[in-house]
Amino acid sequence: MNPPSGNTLWEQTVAAARRSGPVPAAAPLPDDAPPPGFAARLAARWAELKQNETFRLWCRWSYRSALAGLLIAGIVALLSPPPAKPDPPLRAPGVEVPTFSAP
Amino acid sequence: MLQPDPPPPVDWDDVIARVREGCQQAARGLVDSLYGHVMRIVRSHLPRASDEQDLAQEVFMKLFHRLESYRGDQPFPHWVSRIAVNTCYDRLRRQKARPEIRFADLTAEEAEFLQSTFAGPDQNAHAARDSDGSEVVEKLLATLNATEQTILRLLDMEQKSVQEITELTGWGASKVKVTAMRARRKLNETLKRLESGLTS
């Protein structure tokens, strides 16, 4: 795309603004240094967030580990053969008491 | 007159590595080195924002958050520019108000500037010395939406190429071209309206 050629009103306006003074993009800053404490504040905030993030990552990791442990335990429980059932206890044989009918 | 020595070039790889490790001193150094660069972008994209410090802070926090994803495939300041431009764009998008520019809202100097602009480049060359046209340009740009503003600022004010804009914003070349054309058309219509107000 070509730069403004100065034919339209907008192009004329931009060109004139450029001639009349620096447009904001080209204007030099009076001072390139940040205000006092700006960098230190940002760095401290970043460090705090990073620390929180480490903690958050640790929490997430331990939560996932716990879930994974549960899952593995569940799978193992499902796949392992059921314990052999003990034989039912033998019934005591019934005792038949002969009855004697009276002659 | 003695010129101050230029600052030594920053070893970005070293600074980035130390910031990634959590070194606060390196983070402070990074902010100090890039502050001017970031502020220039913030001021050129949001010159009317009173909270430019807040915006610069937002840019730096995003930078720190995304530092892990920096792969070194482009110069570090270019990568930072991209974050700064996108942060300004996000802020512009949140600003819902798009004030319409009316002839009655112009100051006497701005009206004079426009009058001399409409009269032609030769007349303007003289008049423009006394009046700052950048205010008028800012008022005109403020009437556009966030995408249009961002593209016209980069294209017409900073005179960047379409290729550079696509690299900075991540938008396609056709989007940049079409949006610029539409935005210029809108501004020309606004200026025609202002011209008729000046002549009536």
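In what follows, chains carry the letters A, B, and so on, assigned in the order in which the sequence lines appear, proteins first and then strands, with residues in each chain numbered from 1.
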Measure the [atom1]-[atom2] distance between [X] and [Y] for me, rounded to the nearest 0.5 Å.
X	Y	atom1	atom2	answer
A/L42	B/Q24	CG	CD	11.0 Å
A/E11	B/N188	CD	CG	7.0 Å
B/E189	A/T8	CD	OG1	11.5 Å
B/R28	A/F38	CZ	CZ	14.0 Å

If you count the non-hydrogen atoms of other residues, nucleotides and ligands that lie under 6.0 Å from [atom1] in [X], is the total more than 12?
X	atom1	result
A/R45	CZ	no
B/R102	CZ	no
B/Q74	CD	yes
A/R64	CZ	no

Contact part of [X] toward chain A, heavy-atom cut-off under 4.5 Å: side chain, backbone, both or neither?
X	value
B/L141	side chain
B/L152	side chain
B/L154	neither
B/V19	both
B/I41	neither

I'd like to know which of B/V31, B/L140, B/L191 tops the heavy-atom pair count under 4.5 Å against chain A.
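Between B/V31, B/L140, B/L191, the count favours B/L191.
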Least distance between heavy atoms, A/Q12 atom then B/T117 atom
OE1-O, 3.3 Å
Which heavy atom of B/A27 sits nearest to which heavy atom of A/A43, and what is that distance?
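That closest heavy-atom pairing would be CB-CB, 3.8 Å.
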Heavy-atom side-chain proximity of [X] to [Y] below 4.5 angstrom:
X	Y	result
B/T190	A/W10	no
A/P35	B/Y35	yes
B/F113	A/T13	yes

Return yes if some donor-acceptor pair links the side-chain N/O of A/K50 with the main-chain N/O of B/R20 below 3.5 Å, else return no.
yes
Is there a path of hydrophobic side-chain contacts, each under 4.5 Å between heavy atoms of I, L, V, M, F, W or Y residues, that connects A/V76 with A/L67?
no
Test side-chain contact (heavy atoms from CB on, under 4.5 Å) on B/F64 and A/L49; report intermediate values, then the result.
CA-CA 10 Å; B/F64 285 137; A/L49 282 175; over 6 Å; no
